[in-house]
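Reminder, nothing fancy here: chain letters follow the sequence lines and each chain counts from 1.
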Number of protein chains: 2
Amino acid sequence: MPFTYEHARPSVTVDCVVFGFAGEGLQLLLVKRGGEPYEGEWALPGGFVRLDEDLDSAARRELEEETQLRETYLEQLYTFGSPERDPRGRVISVGYYALVRPDRQPVAGGTDAADARWFPLNGLPSLAFDHGEIIKVARDRLQGKIRYQPIGFELLPEKFTLTQIQTLYEAILGCPIDKRNFRKKLLSFGFLEALEEYVRGPHRPARLYRFDQARYSKLQREGILFQI
Amino acid sequence: MPFTYEHARPSVTVDCVVFGFAGEGLQLLLVKRGGEPYEGEWALPGGFVRLDEDLDSAARRELEEETQLRETYLEQLYTFGSPERDPRGRVISVGYYALVRPDRQPVAGGTDAADARWFPLNGLPSLAFDHGEIIKVARDRLQGKIRYQPIGFELLPEKFTLTQIQTLYEAILGCPIDKRNFRKKLLSFGFLEALEEYVRGPHRPARLYRFDQARYSKLQREGILFQI
DNA sequence: GCAAAAGTGTTTATGTTACACCCATGT
DNA sequence: ACATGGGTGTAACATAAACACTTTTGC
């Protein structure tokens with residue numbers, strides 16, 4: 001097999017599909033492109049991978065640079081490599097998706113992007129590159145994964161009510177869920193900790209819960225599997 | 001955002017984890033490396049992505065060049081990009097996995113590899129690069145995916161017996177399955193066509209079945225979901 | 001006292017598990 | 001006739017689905 005150096009090399013980027021949850025619907029964080037190509041259009045936060053960093057680090061770095069978001073849930077999604085996906089030449093993009101808690105959403109424009117803004121998922125502007133396709137893949141992945149992994153909590157504040165998490169599941173799965181059955185099942189797993197705290201409002205106070213990561217890990221090690 | 005050309009670029013390869021099923025256990029197709037680095041060691045079939053081909057095509061091309069396999073089930077797995085994974089420098093590898101029917105397994109050494117050989121999955125030699133890790137990811141993916149997608153048939157001949165597919169599921173999932181329950185469930189989905197053909201042997205003849213792709217697609221469109 | 005959302009159990013239907021014997025062939 | 005794997009049904013159990021009213025608060 002020949003040496004690396006004899007081969008023409010593509011550029012490699014990472015692009016992040018950043019999901020947020022705003023109480024009713026899913027949201028997506030997009031940045032306005034500050035340079036060519038697609039200058040002024042909305043795009044996924046992302047950028048070129050440096051030669052000395054691994055892919056996860058590159059995704060995290062770009063996310064922070066362009067959106068100020070840190071310590072989000074981040075997972076590799078799929079790699080997009082059509083030769084025509086970038087007008088500048090051959091650019092392969094490793095897609096990631098991120099889940100951001102609402103209490104960490106203060107977003108100001110970063111160094112690399114002229115602007116960053118949350119959009120409702122069903123109301124996205126037209127997008128640069130093949131970013132629309134990347135988003136579709138991310139959405140499908142989120143929809144599939146939330147049914148058997150407790151990643152939904154990454155989109156909620158640390159303490160949340162059962163109604164909040166049900167609304168989130170309904171938003172992601174796109175269908176209504178029976179309240180009693182949902183609560184029964186979710187609580188039966190035993191990884192939610194009921195707190196002695198309540199949210200007050202013009203109605204009966206709602207109890208707050210917390211996702212107990214340690215207990216979930218233990219259950220998982222014992223082979224118990226979670227399924228909504 | 002700066003131009004592509006201002007960035008140092010990594011090399012990009014594709015590597016294929018090729019699964020086969022030999023009647024009892026899962027097998028993996030490996031090639032002996034014909035050049036540095038890791039010359040003479042076993043590795044996944046794969047190679048550099050050309051600038052004018054997409055990733056799926058590159059994986060298919062390398063697979064055919066190194067193993068003569070064509071028209072296999074092929075799916076992108078994960079992208080591996082640790083900066084130290086290749087001693088030649090920065091090489092990012094887009095991992096794929098392939099499922100090969102036993103009747104298409106005649107493998108002769110290709111142009112790029114000195115040798116290609118099937119190994120039982122529980123008896124692999126030591127591997128070049130991080131290919132051991134890639135195989136682990138592929139195995140987990142196969143184990144997960146076979147439970148809700150009918151990809152098992154890609155590892156069997158076109159016509160197969162129910163015992164064959166059960167043995168395959170047991171090999172992939174790593175646990176015994178009840179014969180009656182397995183048959184009942186599998187047939188209940190309605191995407192297996194019972195043929196009027198039987199395999200003879202020193203015992204009662206075993207009926208042959210065929211996976212009916214059209215019927216499966218139809219069921220899938222109607223939202224019926226398959227789960228083993 | 002009214003509006004608004006929180007909270008709670010039971011019944012029915014469906015799906016999953018466990019389990020053992022007879023059948024058809026080759027030798 | 002015997003060895004080998006192929007083929008089949010039922011009962012117990014567990015899980016999922018359907019469903020409506022009472023509670024607690026703010027205004």
Flag for A/Glu64-A/Gln68: side-chain donor and acceptor within less than 3.5 Å
no

Atom CG of B/Asp178 and atom P of D/dT8 are separated, to the nearest Å, by 14 Å

Please figure out whether B/Gln164 or B/Arg180 has its closest DNA chain D nucleotide nearer the 5' end.
B/Gln164

Could you state the CG-P distance from A/Leu186 to D/dA16, rounded to the nearest angstrom?
13 Å

Give a yes or no on whether a salt bridge exists between A/Arg210 and A/Glu158, defined as a side-chain N under 4.0 angstrom from a carboxylate O.
yes

Would you say the side chains of A/Gln149 and A/Tyr216 form a donor-acceptor pair under 3.5 Å?
yes

Only one of B/Arg215, B/Gln220, B/Arg221, B/Gln213 forms a side-chain hydrogen bond (donor to acceptor under 3.5 Å, both in side chains) with B/Ser217, so which one is it?
B/Gln213

Qualifying residue, where the test is ring pair (Phe, Tyr, Trp, His ring centres under 6.0 Å) with A/Phe226 and the options are A/Tyr148, A/Phe211, A/Phe191
A/Phe191

Spacing of A/Arg183 atom CZ relative to D/dT15 atom C1', expressed in whole Å:
20 Å

Do A/Arg200's NZ or CZ and the ring of A/Tyr198 fall within the cation-pi criteria of under 6.0 Å and 45°?
no

Which residues in residues 192-207 of chain B have a heavy atom closer than 4.0 Å to any atom of DNA chain D?
B/Pro202, B/His203, B/Arg204, B/Pro205, B/Ala206, B/Arg207

Describe the nucleic acid contact of A/Lys185 in one word from base, sugar-phosphate, nothing, applying a heavy-atom distance below 4.0 Å.
sugar-phosphate

With heavy atoms of chain A within less than 4.0 Å as the criterion, where does contact along DNA chain C begin and end?
C/dA3 to C/dT10

Rounding to an integer number of Å, can you tell me how far A/Arg147 CZ sits from D/dA16 C1'?
13 Å

Taking CZ from A/Phe182 and P from D/dA18, how many angstroms apart are they, rounded to a whole number?
16 Å

Donor-acceptor pair between A/Ser93 and A/Asp15 side chains, under 3.5 angstrom
yes

So, A/Arg207 versus A/Thr163: side-chain donor-acceptor pair below 3.5 Å or not?
no

Taking 4.0 Å as the cut-off, does a side-chain nitrogen or oxygen of B/Thr163 come that near to OP1 or OP2 on D/dG6?
yes

Closer than 4.0 Å, any side-chain N/O of B/Lys179 to the OP1 or OP2 of D/dT8?
no

Using the ring centroid of each side chain, check whether B/Tyr78 and A/Tyr78 are separated by less than 6.0 Å.
no

